[in-house]
Amino acid sequence: MEVKNILDNITKELAQTIHDLDEAQLQELEKQIKKADKIFVAGAGRSLMMIRGLAMRLMHMGFTAYVVGETVTPAIEEDDLLIIASGSGSTSTLAVMAEKCKKTNVKLALITANKDSIIGKLADFIIDVKTTTSKGDKKTTSIQPGGNTFEQMVLLLGDAIIIDITSSRSLDENNAILMGKHANLE
């Protein structure tokens with residue numbers, strides 16, 4: 001198989017997964033992001049790498065956002081939001097975070113392929129990504145190994161949410177805001 005054919009198949013998988021998303025779930029997550037004092041993101045493995053992109057974009061657009069586990073991440077408080085990305089919804093370290101979140105009366109959002117999971121049962125808001133993960137569930141067929149489609153969706157969802165949240169401004173305004181907060185010690 002040629003690389004361009006693989007890319008074509010991947011984009012078709014992503015297009016179907018996007019088609020299957022629930023717009024009301026996406027709008028609810030946006031609403032919660034807008035009203036939160038601080039936004040915290042968490043994940044494990046590649047899901048963590050993808051959700052970090054959301055935290056970065058939120059910061060670029062003027063939100064106060066943190067990645068759980070970083071040395072500069074403060075305590076989470078009642079008017080904050082925790083967004084967990086977990087394909088399985090049952091990663092043990094993330095489940096512990098979710099339980100602590102609920103004990104602190106913090107809103108919990110979950111991006112997952114398993115809405116009926118341990119974390120799903122604790123979540124206030126769920127983005128149900130209908131795709132296969134690396135845990136062996138077979139919701140869809142994929143040419144990609146493991147949870148690739150889920151992880152790609154986490155990155156795309158984050159970017160799309162930021163674009164929608166900032167859509168009242170022009171692209172030039174958004175780019176100016178982004179560049180004003182972009183790292184300059186590189």
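For the numbers below, each heavy atom of this structure counts, side chains included, while hydrogens, waters and symmetry mates do not.
- Side-chain contact between Asp79 and Lys38 is absent, with no heavy-atom pair separated by less than 4.5 Å.
- The OG1 atom of Thr149 sits 11.5 Å away from atom CD of Gln16, with the distance rounded to the nearest 0.5 Å.
- Using modelled atom types, no side-chain atom of Thr112 and backbone atom of Asp128 make a donor-acceptor pair closer than 3.5 Å.
- Around NZ of Lys100, the count of heavy atoms belonging to other residues, nucleotides or ligands within 6.0 Å does not exceed 12.
- The side-chain heavy atoms of Leu29 and Gln25, taken from C-beta on, include no pair separated by under 4.5 Å.
- Rounded to the nearest 0.5 angstrom, Asn105 CG and Ile76 CD1 are separated by 11.5 Å.
- Inspection of the Asn9 and Glu13 side chains reveals no N or O donor paired with an N or O acceptor under 3.5 Å.
- Atoms CZ and CE, on Arg46 and Met49 in that order, are 6.0 Å from each other to the nearest 0.5 Å.
- Residues Ser117 and Ser90 come closest through the heavy atom pair CB-N, 4.4 Å.
- Residues Ile51 and Gly43 approach most closely at CG2-N, 4.3 Å, considering heavy atoms.
- No side-chain heavy atom of Ser88 sits less than 4.5 Å from a side-chain heavy atom of Phe150.
- Between Ile111 and Val129, the closest side-chain pair of non-hydrogen atoms falls below 4.5 Å.
- Within the 4.5 Å cutoff, the side chain of Ile84 has no heavy atoms near those of the Thr91 side chain.
- For Leu81 against Leu108, the heavy-atom pair with the smallest separation is CD1-N, 4.4 Å.
- A salt bridge is absent between Lys107 and Glu28; no separation between the charged side-chain nitrogens and carboxylate oxygens falls under 4.0 Å.
- No more than 12 heavy atoms of other residues, nucleotides or ligands sit less than 6.0 Å from atom CD of Glu2.
- A salt bridge links Asp8 with Lys12; the closest basic N to acidic carboxylate O contact falls under 4.0 Å.
- Of all non-hydrogen atoms in Phe63 and Ile165, the two that sit nearest each other are CZ-CG2, 3.8 Å.
- A heavy-atom distance below 4.5 Å is not found between the side chains of Glu151 and Leu155.
- Atoms CG and CD, from Asp37 and Glu78 in turn, are 10.5 Å apart once rounded to the nearest 0.5 Å.
- Minimum heavy-atom separation, Ile18 to Met153: CG1-CE, 3.6 Å.
- Within the 4.5 Å cutoff, side-chain heavy atoms of Ile33 are placed close to those of Leu58.
- Closest non-hydrogen pair, Glu77 versus Val106, comes out as O-CG2, 3.1 Å.
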